[in-house]
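Just so you know, these numbers use all the heavy atoms, side chains as well, and skip hydrogens, waters and symmetry mates.
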Amino acid sequence: MAYKLRLVQRFHAASRAEFLELEHQFAKLERDIAAFPKGRRYLPYSGREAMNTLIWECEFDSLEAAQQAVAFLEEDARHEELARLQLPYFQDSYTEIYKLLEESE
């Protein structure tokens with residue numbers, strides 16, 4: 001059964017360049033270190049979310065794998081250091097987990 005982990009991060013619009021530069025460093029960690037979950041990043045083009053929102057998404061084969069990824073990100077010192085630098089630019093953030101409907105019917 002597939003699950004999607006989404007990290008939704010709203011940042012101060014005036015700090016867009018600084019926020020996205022740090023996000024590029026998160027992406028580099030994902031590329032360079034095999035243990036990091038490999039997500040995709042989105043910025044809204046149209047829709048409900050404000051333009052100063054970044055959405056990171058990654059799919060997992062199980063709920064346990066998605067939860068382990070969250071735990072890994074919270075415990076990894078490299079990730080936490082970047083998160084500490086990015087924190088002043090945050091307005092809001094939250095985590096969502098979705099279960100794929102087609103496989104659960």
Review point. By ring-ring contact (aromatic ring centres under 6.0 Å, His included), which residues pair with Phe60, not counting sequence neighbours?
Key: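 Checked Phe60 against ring-ring contact (aromatic ring centres under 6.0 Å, His included); zero matches.
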Exercise for review: Could I get the full list of ring-ring contact (aromatic ring centres under 6.0 Å, His included) partners for Tyr42, not counting sequence neighbours?
Suggested key: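 Applying ring-ring contact (aromatic ring centres under 6.0 Å, His included) to Tyr42 gives none.
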Practice item. Would you indicate whether Asp61, at its atom CG, is surrounded by more than 12 heavy atoms from other residues, nucleotides or ligands within a distance under 6.0 Å? Key: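 Result for CG/Asp61: open.
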Check your understanding: Within a reach of under 6.0 Å around OH of Tyr45, are more than 12 heavy atoms found that belong to other residues, nucleotides or ligands?
Key ->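 No, not enclosed.
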Check your understanding: What pairs of residues pass the salt bridge (charged side-chain N to carboxylate O under 4.0 Å, His left out) test when at least one of them lies in residues 50-60, not counting sequence neighbours?
Key ->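 Only Lys4-Glu57, Arg6-Glu57 qualify under salt bridge (charged side-chain N to carboxylate O under 4.0 Å, His left out).
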Exercise for review: Only pairs at least two apart or in different chains count here, so list each salt bridge (charged side-chain N to carboxylate O under 4.0 Å, His left out) that has a residue in residues 32-46.
Suggested key: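 Listed by first then second residue: Glu23-Arg41, Lys28-Asp32, Glu30-Arg41.
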[atom1] of [X] to [atom2] of [Y]: how many Å apart, nearest 0.5 Å?
| X | Y | atom1 | atom2 | value |
| --- | --- | --- | --- | --- |
| Met51 | Ser46 | CE | OG | 8.5 Å |
| Ser93 | Leu87 | OG | CG | 8.0 Å |
| Arg78 | Gln25 | CZ | CD | 14.0 Å |

Review point. Do Ile55 and Tyr94 belong to the same hydrophobic cluster, where Ile, Leu, Val, Met, Phe, Trp and Tyr are linked whenever their side-chain heavy atoms lie under 4.5 Å apart, directly or via other members?
Key: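 In one cluster: yes.
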Practice item. Decide whether Met1 and Leu63 are clustered together by the hydrophobic rule: side chain heavy atoms of Ile, Leu, Val, Met, Phe, Trp, Tyr closer than 4.5 Å, transitively. Key: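 Yes.
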Check your understanding: Are any non-hydrogen side-chain atoms of Phe72 and His79 less than 4.5 angstrom apart?
Key ->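 The answer is no; the side chains never approach within 4.5 Å.
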Review point. So do Pro37 and Trp56 actually touch side chain to side chain, heavy atoms under 4.5 Å?
Key: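 Side chain of Trp56 against side chain of Pro37, heavy atoms only: contact under 4.5 Å found.
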Review point. Minimum heavy-atom separation for Phe26 to Ala83, with atom names?
Key: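 Closest approach of Phe26 to Ala83, heavy atoms only: CZ-N, 3.5 Å.
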Practice item. Mind listing the closest non-hydrogen atom pair of Ala66 and Ile97 along with its distance? Key: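 Nearest heavy atoms, Ala66 then Ile97: CB-CD1, 4.4 Å.
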Side chains of residues 7-21: which donor-acceptor partners sit under 3.5 Å, not counting sequence neighbours?
| unit_1 | atom_1 | unit_2 | atom_2 | d |
| --- | --- | --- | --- | --- |
| Arg10 | NE | Thr53 | OG1 | 3.3 |
| Arg10 | NH2 | Glu49 | OE1 | 2.7 |
| His12 | NE2 | Phe90 | O | 3.4 |

Practice item. Could I get the full list of side-chain contact (heavy atoms from CB on, under 4.5 Å) partners for Leu85, not counting sequence neighbours? Key: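 Leu85: side-chain contact (heavy atoms from CB on, under 4.5 Å) contacts with Leu22, Glu81, Leu82.
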